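Encoded as structure tokens, the structure appears first; notes follow it.
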Amino acid sequence: LPAATTQFSFVSSVGPTPKSQFLSTMAQSTDQNHASAALPGLPENPLSEILDFLSLTERRRVVGTCKTLWKQRCSLEHKVQRLKIRSSREADGALMTKVLTVPRAGPVMLNLTNLVHLDVTSFASDSLLYVLPTSACHACLRSLHIVGSSKVTDAGLMLLARPSPTVNDIHDSALTERMSYLGPRAAIVAGPPHRLSSLHALEYIDMTFCRSTTFSGTFWLRDGLRNLRCIRRQPKWMDGHFHTPFGSEHNVEIHTYWPDGTFQFTRNEQSNGFVSDLYAWKGDGNGGIDEPSGSTSQEFYESVDFVGDKLQYNNSSLPHPLPIFTQYAYRPGVSLMKLPPEYEVVEHHVEKTKNDKSSSSCLVSCVLVAQTLDGLKPPSSRRWMEQAIRENIPLGQSKYYGLLATENNRQASRGDIKLVETLSPEAFAASPQGQRPVVMISKMKLEPLGATIQPSKTSNDSKNENVLMPPDELVEACRETCKGMLEYGVDFLERLEEEMHQLLQRPEMTADDDSD
């Protein structure tokens, strides 16, 4: 390895070198004791396990890599700045994170003193987050990617941001008591700590699709990490100002979403809150959630262009007879599809000064947003979105659709039934004609956050990110909502949400209904 190397990426491919061949080659090429010491700190008999990471075709290159790593171990530990784990198999990533956290004189990561960027997409866990604050890399680590890691919970976020930890913290009785209370989806609302976390350089955390965490868990990070500039809980293409078809011609309703999932709308009621859940749709119309399969997790999550979400409002005003706790269970969702680059539009901006004016132009992306009209859950059919793309909904407008009711569609899955354009709910109620509207699809322009708000300075690792955090007053409003949700319990609210969805659903359209 060249001396200037500062980046490592552990990548696994299908079909590793047979273990017997590898061990045979090692025995011929170098002595076993030296080979076993090539990567100290690994589990017992590491050679048979590390093959999954070093899937090289030439056995001599495997031996050479081990020898070089052993010879340069001290200098490499201080030079490594970026570490990524990539694999198409879950067992590979699980083993690699185990390697990173296995004790010797401490975790292996203790020696990566200049680690700036750590990417363990899909493979992070609470135990890994526990190690980070006690490792030597805590002084330099600026960027942490744990996207799609199902084994990260709110408890792990608490451990990551815990104040000034020591290796004996896990034996602390108060901490143990709090940990025993936490469930995988428990809502936690942190208070400002007396001491700040030792990860004082950490600026950026990407926890998109970590669905075992909740929005409440982010308050541990906000309160404990002093220099945190961005918490990402959604794909980058969802950040910004959505120009909706709602409002008036001269006062268009703007929906602003920040990277952490908080949102603010330019209207009076149901105008702010946070995204409480986000998932990638399979697109089959049956509500299936997509997950990595046959490719690395990084490739999968970077290509996600069709998602569903669930919105929790801070100021939801429901009808008077309903009890107050229903405001925490009323969480309507929408589906969003990122349109390809050919649908981008050119935006012209004119800036006036005292003596002159200047103009500039930029490409702005467009997004399709679908909302069901008969329940809380968003539509999950990719076919419906693709049909809307073909019909070319005008930018800044909505179309209402009903289900095309035919004899063949009686047994079909709802997502497979073709949509037919129909009247708006108000027009249909006044004069029922055609199909009953069941879904609204809108085409919206999406301006980046930086187009209207000056972004904060950031590190080189995330310079292309919009690291804006939402306004403090919005964050505190979300904190109060999370406290209210915690009083009633996550499980109770999820059951109530399902009941409200069933209550708001209307009967499916049939052919007999069409003829009336």
Side-chain angles (χ1 to χ4, degrees), residues 187 215-216 234 238 240-258 260-278 308-336 367 369-379 396-398 400 424-430 437-442 444-447 449 452-453 470-488 493-494 496-506:
F215 186 86
S216 299
Q234 63 183 27
M238 291 178 61
H241 309 285
F242 289 78
H243 291 246
T244 73
F246 320 128
S248 62
E249 181 180 356
H250 302 290
N251 188 22
V252 175
E253 191 172 299
I254 306 295
H255 294 184
T256 300
Y257 284 79
W258 281 268
D260 65 351
T262 54
F263 61 81
Q264 192 159 29
F265 305 160
T266 55
R267 64 190 189 198
N268 295 326
E269 295 183 354
Q270 296 184 355
S271 60
N272 62 79
F274 55 89
V275 176
S276 62
D277 198 5
L278 181 72
D309 66 14
K310 185 191 300 184
L311 306 183
Q312 175 66 61
Y313 292 109
N314 294 328
N315 57 347
S316 181
S317 56
L318 298 178
H320 176 66
L322 293 176
I324 187 172
F325 57 75
T326 55
Q327 65 179 311
Y328 301 123
Y330 177 71
R331 294 180 279 206
V334 297
S335 291
L336 302 94
V367 177
V369 181
Q371 181 175 352
T372 185
L373 302 177
D374 58 354
L376 294 177
K377 297 179 180 179
Q397 296 186 27
S398 301
Y400 295 89
S424 68
E426 296 78 14
F428 186 83
V438 297
V439 64
M440 176 183 69
I441 302 180
S442 308
M444 303 184 189
K445 177 179 66 176
L446 177 57
E447 284 189 344
L449 289 171
T452 55
I453 305 175
D472 291 342
E473 57 271 20
L474 178 56
V475 172
E476 291 309 309
C478 292
R479 190 193 296 268
E480 292 303 312
T481 298
C482 290
K483 289 180 180 178
M485 295 171 65
L486 186 59
E487 291 180 5
Y488 295 102
L493 293 178
E494 287 184 348
L496 182 59
E497 177 189 347
E498 182 63 30
E499 292 177 4
M500 293 182 69
H501 171 70
Q502 298 294 336
L503 181 65
L504 293 172
Q505 272 191 316
R506 290 178 274 183

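What you are looking at is a predicted structure, and each value in this text was computed from that prediction instead of being measured.
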Suppose we screen for side chain to side chain donor-acceptor pair (under 3.5 Å). Which residues come up paired with [X], at least two apart in sequence or across chains?
X	result
Q397	none
T326	none
E497	K310, R331
E269	S317

| task | Provide the closest heavy-atom pair for T256 versus L449 in the form atom of the first, atom of the second, distance. | result | CG2-CD2, 3.7 Å
| note | Correct closest heavy-atom pair for G333 and Q371 would be O-CG, 4.3 Å
Who passes side-chain contact (heavy atoms from CB on, under 4.5 Å) against [X], sequence neighbours left out?
X	result
A427	L423, S424
P378	Y279, W281, S335
L446	F242, S365, V367

Can you name the ring-ring contact (aromatic ring centres under 6.0 Å, His included) partners of [X], sequence neighbours left out?
X	value
H243	none
F263	Y257, F265, Y313
F246	none

| request: Start with the C-alpha gap between S271 and N315, add the side-chain angles, then the distance that decides, and say whether side-chain contact (heavy atoms from CB on, under 4.5 Å) holds. | output: CA-CA 7 Å; S271 60; N315 57 347; 2.8 Å; yes
Gap between atom [atom2] of [Y] and atom [atom1] of [X] - 0.5 Å precision:
X	Y	atom1	atom2	result
R267	N251	CZ	CG	13.0 Å
F274	Q312	CZ	CD	5.0 Å
W258	L474	CH2	CG	6.0 Å
L311	S276	CG	OG	7.0 Å

| field | T481, N314, T262 screened by side-chain hydrogen bond (donor to acceptor under 3.5 Å, both in side chains) with N272, the one that passes | value | N314
Could you tell me whether a side-chain N or O of [X] sits under 3.5 Å from a main-chain N or O of [Y], the two making a donor and an acceptor?
X	Y	answer
T266	I254	yes
H501	L376	yes
S316	Q327	no

| field | Steps toward side-chain contact (heavy atoms from CB on, under 4.5 Å) verdict (M485, F215) | value | CA-CA 11 Å; M485 295 171 65; F215 186 86; over 6 Å; no
| remark: side-chain contact (heavy atoms from CB on, under 4.5 Å) with Q234: of D309, L336, L278, only one passes, and it is L278
| By salt bridge (Lys or Arg N to Asp or Glu O under 4.0 Å) - contacts of E480 (at least two apart) | K483
| query | Given V439 and L373, is the side-chain contact (heavy atoms from CB on, under 4.5 Å) satisfied, shown in steps? | reply | CA-CA 5 Å; V439 64; L373 302 177; 5.6 Å; no
| request: State, with a plain yes or no, whether a side-chain heavy atom of D260 is found less than 4.5 Å away from one of P470. | output: yes
